[in-house]
Amino acid sequence: MKRKINIGLKGKLALLLALLLTSVLVVLSTMVLAGIREDQRNRLEQSFAHESANANLRVRQEFLTGTRITPDLFMQRSAQRLAVDLGAQSGMAVTLYKADASFAGTSLPIQARTDVKDALEYTAKGQSVYITEGDQLLYLAPLYNADERLGTVQFHASLADQYAFYSRIQNLFLVTGAAVLAAGFLIGYLYVRRQVNVIEKLNNAAKQIGEGKYLIVPPVLRRDELGELAQGIYEMSGSIATSLSQLTEEKLKLLDAIVRLQELEQQQKQFIGNISHELKTPLTSILAYADLLEMYRDDPSLLEEARMQIGKEAERLYGLVEIALQLSSMDIYEFETKAKVVEVLPLLQEAVNRLQIKAERHGVTMETRLREGTVWADPENMMHMVLNVLDNAVKYNKPGGTVTLSNHLVEGSNSEGYMVIEVVDTGIGIPMEAHSRIFDPFYTVSGDRSRTHGGTGLGLSLVRSLAEKQNGLVRLVSSGPNGSRFEIKLPMVHLNTDGL
């Protein structure tokens, strides 16, 4: 993995300064060198134009003052002598060609070997031509007598001096530019470093304020914009320190009040939910047996059983009211849990018997697949959990539906295990979006269901709370249009607070 290189502000500004200086030097040297090259070219063109005009004048004068002959014969007789004279006059080697592009004469010791055939075709059209070979330059220009073409003159010039001059100027720019770049970069870097050091002091001051260490004096004393910024940071630090001290005091007071209010609110909610459902359970049984009395008035044994059960539930209801009054007077909203070894089979069977009449009234069949076993739980809390889940399975079932209550053992580690109590119904089910919230206090799946069946949204929340107090849990295993499956898991033996 490549490590990312972080370039600080000093490095970035130094690089920017170096780029600016380099760019200025490159542009300046390029423009100057281009100007020198252009000036050399213009001077050379002017020199060649002047020499070609002199050569034209000299050849025309020689042609007109001599015996009247044809241009080819004239060039044949006089070209060698004229080439030598023109070479001496111009200071350059001169070669003359006839009008038919054939060689006529030269001031050089030997004839030049450069192929100028293409260039002679241009001079035949009245145009001047350059030919460059290394540091040698050939300039060819046509010779005329009025409208009559006499031939072509060729000047041989060396560019070695011009190239040497251009190279000296270029080297001078390189040396001077490097010196200027180094000096400018050094001066700029020192200045940038000084300014960046000031910025680092301001940054450290800001970090110090962020860590809660407020400034005693301004971090920088200057008479410019950075000095004004430093003074502003110092004043801001003082304002933050004062405000934070006041806010901290108010926050502590507010947190204490919020914690107390949350505790009271939570206790109140739990109390209301617990007492509502604890009162509802005996009332449900009383109403069921009241219906039984109405339906079977001529059955003495059934009437006696109903009377006994109503009395039993009434006593339980009375006891709950007494507990509620005591808890309210003491401002306590928690029921005491008294866990012990509980036989599962009779408790589950009793729960089914309590809701049998209600199930028949709703047209729901109660089925059981129970086995013996013991759990460590509060029997009253356990009965409430089972009744609540069974009651929901009956209420939210379909006519002709079924509610199945079963239990089985799940082995755990260290010879410990859990008793799992399952309630399966064939009812209307719970929507998928409500699965994660059905155990939240006061949450109901929909308003219509609550109004129809009298739900308050506290039943399953209370079941979860009671299960957790006994080191167990309750969960929705599955739910759909064909019914729901709930599980209540309770420990087989006593678990301490560490879950051992």
Side-chain angles (χ1 to χ4, degrees), residues 1-31 173-271 331-334 436-437 440-443:
M1 181 177 178
K2 293 184 178 179
R3 185 178 180 182
K4 187 176 181 181
I5 300 176
N6 294 323
I7 301 177
L9 185 59
K10 293 179 182 178
K12 291 179 180 178
L13 290 178
L15 288 175
L16 177 61
L17 181 61
L19 288 175
L20 290 175
L21 288 173
T22 304
S23 300
V24 170
L25 290 173
V26 169
V27 171
L28 182 61
S29 60
T30 301
M31 292 178 64
F173 268 109
L174 289 175
V175 174
T176 305
V180 171
L181 178 62
F185 179 80
L186 179 61
I187 295 172
Y189 177 78
L190 293 176
Y191 177 79
V192 168
R193 180 179 179 181
R194 181 181 178 186
Q195 304 305 315
V196 170
N197 288 336
V198 175
I199 295 175
E200 287 180 349
K201 290 182 180 179
L202 297 177
N203 185 39
N204 291 333
K207 289 182 179 178
Q208 185 176 344
I209 294 173
E211 295 172 354
K213 302 175 183 178
Y214 302 105
L215 305 180
I216 302 176
V217 295
V220 176
L221 297 176
R222 293 170 62 105
R223 295 182 180 181
D224 56 9
E225 289 79 4
L226 291 177
E228 294 176 0
L229 178 59
Q231 184 65 29
I233 292 175
Y234 170 71
E235 293 174 357
M236 179 186 68
S237 173
S239 299
I240 292 176
T242 303
S243 301
L244 187 61
S245 177
Q246 297 174 353
L247 288 174
T248 301
E249 295 177 0
E250 296 297 327
K251 180 181 178 181
L252 293 175
K253 295 179 182 178
L254 184 60
L255 287 176
D256 291 338
I258 290 175
V259 170
R260 181 56 182 163
L261 287 174
Q262 288 177 341
E263 292 175 352
L264 292 175
E265 181 183 9
Q266 184 65 27
Q267 291 175 358
Q268 187 180 40
K269 286 181 178 180
Q270 291 179 352
F271 172 76
D331 194 24
I332 300 175
Y333 300 104
E334 290 287 347
S436 61
R437 298 193 58 194
D440 293 346
F442 298 101
Y443 178 78

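Since the model is a prediction, treat every value here as computed from it, not as a measurement.
Surrounding CG of Leu255 are more than 12 heavy atoms belonging to other residues, nucleotides or ligands, all under 6.0 Å away.
Atoms CG and CG, on Leu247 and Leu254 in that order, are 11.0 Å from each other to the nearest 0.5 Å. Expressed to the nearest 0.5 Å, how far CD1 of Ile209 lies from CG of Asn204 amounts to 11.5 Å. A distance of 4.0 Å separates CG of Leu229 from CD1 of Ile233, quoted to the nearest 0.5 Å.
Across every non-hydrogen atom of Ala230 and Pro219, the tightest pair is O-CD, 3.8 Å.
Annotation: side-chain hydrogen bond (donor to acceptor under 3.5 Å, both in side chains) contacts of Glu235 (sequence neighbours excluded): Gln231.
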